[in-house]
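Only one structure is covered here, and it is reproduced in the block below.
Index from 1, following the sequence.
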Amino acid sequence: MKSQEKAKMITLAATIVCLAAVGTGIYFFTRGGEQRPETTQAENTGYSAASSGAEAAENDKPANISDGFVFISGGTFSMGSPETERQRQEDEAQHDVTVSSFYLDPYEVTQSDYETVMGENPSYFRGEHLPVECVTWYDAVTYCNALSESRGLTPVYTVEGNTVSWDRSANGYRLPTEAEWEYAARANTTTVFHDGNQITSDNANFEGSYPYLIEENYVNHHDSAVVTSRNRGETIAVDSLSPNQFGLYNMYGNVSEWCFDYYGEYDMTQTTDPVGVRSGSLRVNRGGGYNDFAKQLRSAYRSAATPDTIEQNTGFRIARNAEPGEGTAETTYSLNIQIPENPRILVAYFSYSGNTENGAQMIADMTGGDLFEIQMEHPYHGNIYEVSQADLNHNVHPVLASHVENMEQYDVMILGYPTWWSTMPMPVFTFLEEYDFSGKVILPFSSNGGTRFGDSISDLSKMAAGAYVGQGFEYEYSGGSGLSHNLNEWLISNGIEAR
């Protein structure tokens, strides 16, 4: 090779080496001298967190975990609702609570998340980036532990029979407490919703045809702020719509989210990092789902269901500690109710147009149960929207015309009603108040115009303390030609065989 050509080759090689060195220097300068794994929320859901750079920096401090969770700085807030808040419930007693800092997933757990960890997808609506639903509280807890193990973190929960214990010092994934959930949903606001005192389908996925305070404006619309909006009728991707002030998506609507706590009256003495009552039969879920009315999306609203309940509008999001906590929160399921081999069955129902009565008669024929119609002393007449709305708005529990003799003889009550205003008709509330259902199994069924159960099962469960409320069955209007078959399948799934 000629000397001139050799010189060119040496120069070219030197240039390549220099460029490589410069490139390497730039890489290490921009990456801080090490290649940090970009394990944002994309590992979980395919989405990145909406947190600020400061939040992301904080996110890496406690255990060098980079999962895209949002850092929620702790503080004190007014939990519950003021007595002036419309459509509030008695279990929302307002009180000051302090929560420690924690991390919260900006998104509901997706079907992709869940299937990756658990190897199955139980959801009714299918889509990789849709929230997982049709999961029990126990499913959510199992997922948390499995995800922790897969990432080398210490699992939070220990399940031993009816007892579930939470190691508050563990760094693994967990469900938020009810207080943490409300604190995060409010995002330093005190209004009904984090965006103010009204909400539409532009910023939440819910039954937009029934906005907040529609119950007071359906027949005579006198409040211009009460505006109907879109009802999507299904879940949407977890990064849809705008996040709240903390960068959290879909805290209202889409799916109601399981919390750690058993449902019970607020303990006003437990004001720092409360975890709910030690034993119970209902676990709390918050935020409302895609088919709920706006009143059930309120920051203070508390929904509750048996922990093995499966609903297509119930899912969860997960949290983890910012700093190790102290002690163990031990919770125990308080019911041990078994359906006997030949149960005495009562089929009780309230019907207005006949759809619920038809279903009740079928069930009584299948089971041989006694049939009882819940009748008002002064039945509703005229515009059903108007008359039922009046009782609802004024919390009137109308007097009933007849009563069940010797309720204690029954092991199982199958309770039917039409879903009105996303709950049970007020005469059914009266009926439930009259008896002690402790030790009984209650199986609810509902005829409806498309709103499914609303939050009626939560209302039923709260009222029938000491009873096990099993998986419900709902059907639209008359239920169609397959109603009898579907009712029979539902009864069998709940341990009731046709006679």
Checklist outcome for this item: Taking every heavy atom of Leu371 against every heavy atom of Ala360, the minimum-distance pair comes out as CD1-O, 3.7 Å
Checklist entry - Is there side-chain contact between Gln471 and Ile310, with at least one heavy-atom pair below 4.5 Å? => result yes
Item to check | Inter-residue atom distance Leu241.CG - Asn254.CG, 0.5 Å rounding | outcome: 8.0 Å
Checklist entry - Would you say the side-chain atoms of Arg88 pair up with the backbone N or O of Pro82, donor to acceptor, closer than 3.5 Å? => result yes
Checklist entry - Got a donor-acceptor contact below 3.5 angstrom from the His221 side chain to the Val226 backbone? => result yes
Checklist entry - Between the side chains of Ser281 and Tyr263, is a donor N or O closer than 3.5 angstrom to an acceptor N or O? => result no
Next on the checklist: Here's a test for you: under salt bridge (Lys or Arg N to Asp or Glu O under 4.0 Å), which of Glu265, Glu92, Glu178 qualifies with Arg302?
Outcome noted: Glu178
Checklist entry - Do the side chains of Ser123 and Cys134 get nearer than 4.5 Å, heavy atoms only? => result no
Checklist entry - Is a side-chain donor-acceptor pair under 3.5 Å present for Thr136 with Asp139? => result yes
Item to check | Nearest heavy atoms of Arg286 and Tyr301, plus distance in Å | outcome: CD-O, 3.1 Å
Checklist entry - Looking at side-chain heavy atoms only, is the closest gap between Phe69 and Tyr173 below 4.5 Å? => result yes
Next on the checklist: Pairing donors with acceptors under 3.5 angstrom, does anything connect the side chains of Asn448 and Thr419?
Outcome noted: no
Checklist entry - Just checking, is any N or O donor in the side chain of Tyr468 or Asp308 under 3.5 Å from an acceptor N or O on the other one? => result yes
Checklist entry - Between the side chain of Thr331 and the main-chain N/O of Val164, is any donor-acceptor distance below 3.5 Å? => result yes
Checklist entry - Is the side chain of Glu386 donor-acceptor paired with the backbone N or O of Asn383 at a distance under 3.5 Å, no angle test? => result no
Next on the checklist: If you apply the rule side-chain contact (heavy atoms from CB on, under 4.5 Å), what do you find for Ile457 with Val469, and how did you get there?
Outcome noted: CA-CA 8 Å; Ile457 292 183; Val469 179; 4.1 Å; yes
Checklist entry - Can you name the nearest heavy-atom pair linking Met118 to Ala146, along with the distance? => result SD-CB, 4.2 Å
Item to check | Polar contact flag, side-chain donor to acceptor under 3.5 angstrom, Asn321-Arg174 | outcome: yes
Next on the checklist: Is it the case that atom CZ in Arg278 sees more than 12 heavy atoms from other parts of the structure closer than 6.0 Å?
Outcome noted: no
Checklist entry - Roughly how far apart are Trp490 CH2 and Ile414 CD1, rounded to 0.5 Å? => result 5.5 Å
Checklist entry - Which pair of heavy atoms, one from Ala464 and one from Ile442, lies closest together, and at what distance? => result CB-CD1, 3.6 Å
Item to check | Side-chain heavy-atom pair Pro176, Tyr183 within 4.5 angstrom cut-off | outcome: no
Next on the checklist: Less than 3.5 Å apart, any donor N or O on the side chain of Ser422 or Tyr210 sitting next to an acceptor on the other?
Outcome noted: no
Checklist entry - Can you tell me how far CG of Leu415 sits from CG of Leu432, rounded to the nearest 0.5 angstrom? => result 6.0 Å
Checklist entry - So, do Tyr349 and Ile363 sit near enough that their side-chain heavy atoms are less than 4.5 Å apart? => result no
Checklist entry - To the nearest 0.5 Å, how far apart are CD in Gln87 and CD in Glu85? => result 10.0 Å
Next on the checklist: Angle between ring planes, Tyr380 versus Phe350, binned at 30° and 60°: parallel, tilted or perpendicular?
Outcome noted: perpendicular
Checklist entry - Will you find, in the side chains of Thr356 and Ser447, an N or O donor that is under 3.5 Å from an N or O acceptor? => result yes
Next on the checklist: Over 60° means perpendicular and under 30° means parallel, so tell me whether Tyr475 and Phe445 are parallel, tilted or perpendicular.
Outcome noted: parallel
Checklist entry - Is there a side-chain contact between Pro274 and Val97 (heavy atoms, below 4.5 Å)? => result yes
Checklist entry - Does a side chain donor of either Asn121 or Gln111 reach within less than 3.5 Å of an acceptor in the other side chain? => result yes
Checklist entry - For the residue pair Tyr143 and Phe316, does the interplanar ring angle fall in the parallel (under 30°), tilted (30 to 60°) or perpendicular (over 60°) class? => result perpendicular
Next on the checklist: Using a 3.5 Å distance criterion without hydrogens, assess whether the side chain of Ser334 forms a donor-acceptor pair with backbone atoms of Gly280.
Outcome noted: yes
Checklist entry - Is there a donor-acceptor pair closer than 3.5 Å between any side-chain N or O of Thr228 and the backbone N or O of Ser209? => result no
Item to check | Side-chain donor or acceptor of Asn197 paired with backbone N/O of Val192 under 3.5 Å | outcome: yes
Item to check | Plane angle bin for Phe431 and Phe437 - parallel if under 30°, tilted between 30 and 60°, otherwise perpendicular | outcome: tilted
Checklist entry - So, for Glu257 and Asn250, which heavy atoms are closest and what is the spacing to 0.1 Å? => result OE2-O, 3.4 Å
Next on the checklist: Between Asn285 and Ser303, does the side chain to side chain donor-acceptor pair (under 3.5 Å) criterion hold? Intermediate values first, please.
Outcome noted: CA-CA 5 Å; Asn285 57 85; Ser303 184; 3.1 Å; yes
Checklist entry - Is a side-chain donor or acceptor of Gln245 paired with a backbone partner of His194 at a separation under 3.5 angstrom? => result yes
Item to check | Polar side chain donor-acceptor pair, Asp96 to Ser78, under 3.5 angstrom | outcome: yes
Next on the checklist: Can you confirm whether more than 12 heavy atoms, excluding those of His222, are under 6.0 Å from its NE2 atom?
Outcome noted: yes
Item to check | Under 3.5 Å side-chain donor-acceptor pair for Ser201 and Ser229 | outcome: yes
Checklist entry - Could you go step by step and tell me if Lys462 and Glu90 meet the salt bridge (charged side-chain N to carboxylate O under 4.0 Å, His left out) rule? => result CA-CA 11 Å; Lys462 291 177 183 180; Glu90 292 181 359; over 6 Å; no
Checklist entry - Any sub-3.5 Å donor-acceptor pair from Asn494's side-chain atoms to Ile496's backbone N or O? => result no
Item to check | Euclidean distance, Ser256 OG relative to Asp455 CG, rounded to 0.5 Å | outcome: 7.0 Å
Checklist entry - How far apart are the C-alpha atoms of Tyr124 and Glu234, what are their side-chain angles, what is the distance that settles it, and do they pass the side chain to side chain donor-acceptor pair (under 3.5 Å) test? => result CA-CA 10 Å; Tyr124 177 82; Glu234 59 185 359; over 6 Å; no
Checklist entry - With a cut-off of under 6.0 Å to the ring centre and 45° to the axis, is Arg283 in cation-pi contact with Tyr262? => result yes
Next on the checklist: Any non-hydrogen side-chain atom of Phe246 less than 4.5 Å from a side-chain atom of Pro106?
Outcome noted: no
Checklist entry - Any side-chain heavy atom of Thr314 within less than 4.5 Å of one from Thr309? => result no
Checklist entry - Roughly how far, to the nearest 0.5 Å, is the OG atom of Ser73 from the CG atom of Asn188? => result 8.5 Å
Next on the checklist: Can you tell me how the ring of Phe429 sits relative to the ring of His397, calling it parallel under 30°, perpendicular over 60° and tilted otherwise?
Outcome noted: tilted
Checklist entry - Under the 3.5 angstrom rule, does the side chain of His403 hit a backbone N or O of Glu405 as a donor-acceptor pair? => result no
Checklist outcome for this item: Heavy atoms of His381 and Val387 approach each other most closely as O-CG1, 3.3 Å
